[in-house]
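Each ligand, and each atom within it, is numbered from 1 in the order the structure gives.
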Amino acid sequence: MPTEPDTHYDPSLGKKFIFVTGGVMSGLGKGITAASTGRLLKNAGFDVTAVKIDPYLNVDAGTMNPFQHGEVYVLKDGGEVDLDLGNYERFLDIDMSSDHNITTGKTYQHVIEKERAGDYLGKTVQIIPHVTDDIKRRIREAAQGTDVCLVEVGGTVGDIEGMPYLEALRQFAHEEPEENVLFVHVTLVPYSKNGEQKTKPTQHSVKEVRSIGLQPDVIVGRCEDRLESATKEKIALFCDIPTEAVFSNPDVEDVYHVPLMVEDEGLDQFVLERFEMEEEALPRGQRANEWREVVTAEKDEQVDVALVGKYDLEDAYMSIHESLKHAGFELGADVTVHWVSAGDLEDGHDGELADVDAVIVPGGFGMRGTEGKIEAVRYARENDLPFLGLCLGFQMAVVEYARNVLGLEDAHSAEMVEDTPHPVIDILPEQYEVEDMGGTMRLGEHTTVIEPETLAYDLYEDTSCTERHRHRYEVNPEYFDQFEDEDLVFSGTAGNRMEILEHENHPYFVGTQFHPEYSSRPGNPSPPFVGLLEGALEGPGRETGDAADTEETEVTH
Ligand code: GLN
């Protein structure tokens, strides 16, 4: 059977493309630089989207270990993608689909399927043109309906895996009018021992880009400070671009300040001119300003939150960190996240939680650390400490309650202990059949019905909410009645799935089977996170409105 025909995009639509590559080393924040530029174009009145290219062979990020790659970000459509897509969604305030994450796995899988179906009519199937054509098609399709599409190529120029993509971009630029495509190369400008900004790594990396047939139009130098004019001039001379096309990207205290810095440098203006979009752009004074207002708002309060997890790596819980920041912007609070290893709590080390204002138990998979997470839940419940349990955190709150309040000895999730006497968390009966067939994870956006006159209703101010999911296990329906007999309330449900829980006799104890952290944005924070910080600000031992008790507890490892 032939595979679906590839649709074709009409270049006369006049879309603009910004291709972003990285040089010298990865981790320079080229995604943030790109997203920040996109944000400014959005403020100027344009529809902006983004595509992240991950040149690895995995089809998607679903199976990737958070300790190596950071969190798996979940999209509305259930796509499990690279965490950079989270940055694009947060900076551009858009919802993306799985098609916006191009991986080598996806591309090759499609090309091979077409080959098997005979779609190539007996031709030899090759990287050029078949794989490169598929890459170009994917970029054009993801860009449809928008004015500007940012395309970030993961990794560093020169990586073997990235080659087909750079070749595809070269062809792409060739097919488009010159004013539609802009190449931005982000590189590192280190300091020498005697405090001089060194351009040699940039020169080498641009040489590499040019050897592939690409000429950067813009070079962004990541440096501790702004680039000096002599540094810019040198880069311009050696890399064959005007000095005005060299921009600084110095360290900033908060990634959300990068758009402000990019604006200061005038990169957005440069892009608008190059794309001949100035006339359509809103005049400077009329451009949206909320971003600046949100991210520079005064913060008079300090909140300390313990994150009880498995991976001592900020990126593994990136969206949670960001959601706390967004809630902090809203409430004027600076949030310090204290990493607490779930393993350390297993021997009854509650001391780790004694000095914080709130506790989060995040999502996760597998047995390791679960007893420590259950211990964190118990501590928060018994000590009236504001608590938010996310996905596995929600499930562990159910287990803790079953064990310590309902007296169901050795209650657990069937994921952790298959033959537990009380599988209070289990696969739904109707899922068992599906499980045998392999397709099991409940992914992406689903709607939860919220009970009026509950804390959940106060948070969402609505009788429903639609949030993203990534789980396989659920509260076991056989135990519903026993739970609701006591003070645990399931205030959000979806059919016979329990989605939100809360405790009536606790200042703030909320668990969600879904992941609210994936839809939180600066200026539009996630309700359960705002609630958690509000609870923390009113919590035991705090003088409200007084920032005096802000002494920082040591980060515990
Ligand atoms: N491991 C649990 C499940 O599969 C929770 C998943 C999660 O926290 N994302 O249901």
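- At a 3.5 angstrom cut-off on N or O pairs, Leu392 counts as close to ligand 1.
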How far apart are the C-alpha atoms of Thr447 and Thr466, what are their side-chain angles, what is the distance that settles it, and do they pass the side-chain hydrogen bond (donor to acceptor under 3.5 Å, both in side chains) test? CA-CA 4 Å; Thr447 298; Thr466 304; 3.1 Å; yes

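- Close contacts between ligand 1 and Gly363 involve ligand atoms 8 (O) [criterion: under 4.0 Å to a heavy atom].
- Neither the backbone nor the side chain of Met441 has any atom closer than 4.0 Å to an atom of ligand 1 (non-hydrogen atoms only).
- Protein heavy atom nearest atom 8 (O) of ligand 1, with residue, atom name and distance: Gly364 N, 2.8 Å.
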Go through Glu409 and His422 one step at a time and tell me if the side-chain hydrogen bond (donor to acceptor under 3.5 Å, both in side chains) criterion holds. CA-CA 8 Å; Glu409 215 177 308; His422 295 291; over 6 Å; no

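- In terms of protein heavy-atom proximity, atom 2 (C) of ligand 1 is nearest to Glu415 OE1, 3.2 Å.
- Distance from atom 4 (O) of ligand 1 to its nearest protein heavy atom, with residue and atom name: Arg472 N, 3.1 Å.
- Shortest contact from atom 10 (O) of ligand 1 to any protein heavy atom: Tyr473 N, 2.8 Å.
- Scanning both residues, Pro362 and Gly309, for their nearest heavy atoms gives CG-CA, 4.2 Å.
- More than 12 heavy atoms of other residues, nucleotides or ligands lie within 6.0 Å of NZ in Lys299, so this atom counts as buried by the packing criterion.
- Ranking protein heavy atoms by distance to atom 7 (C) of ligand 1, first place goes to Cys391 SG, 3.0 Å.
- Distances below 4.0 Å separate heavy atoms of His515 from the following atoms of ligand 1: 9 (N).
- Below 30°, between 30° and 60°, or above 60°: for Phe329 and Tyr256 the angle between ring planes is above 60°, a perpendicular geometry.
- Residues Val20 and Ile18 meet the side-chain proximity criterion, which asks for heavy atoms closer than 4.5 Å.
- Which parts of ligand 1 touch Arg470 is read off a 4.0 Å heavy-atom cut-off, strictly below it: atoms 6 (C), 7 (C), 9 (N).
- Contact annotation for Glu474 and ligand 1: no heavy atom of the residue comes within less than 4.0 Å of the ligand.
- Where the criterion is an N or O separation shorter than 3.5 Å, residue side chain and backbone included, Gln395 meets it with respect to ligand 1.
- Inspection of the Thr33 and Asn249 side chains reveals an N or O donor paired with an N or O acceptor under 3.5 Å.
- Among the candidates Ser319, Ser519, Ser520, the single residue satisfying the side chain to side chain donor-acceptor pair (under 3.5 Å) test with Arg90 is Ser319.
- Ligand 1 has no nitrogen or oxygen under 3.5 angstrom from a nitrogen or oxygen of Met416.
- Taking the charged nitrogens against the carboxylate oxygens, Arg403 and Glu371 do have a contact shorter than 4.0 Å, which makes a salt bridge.
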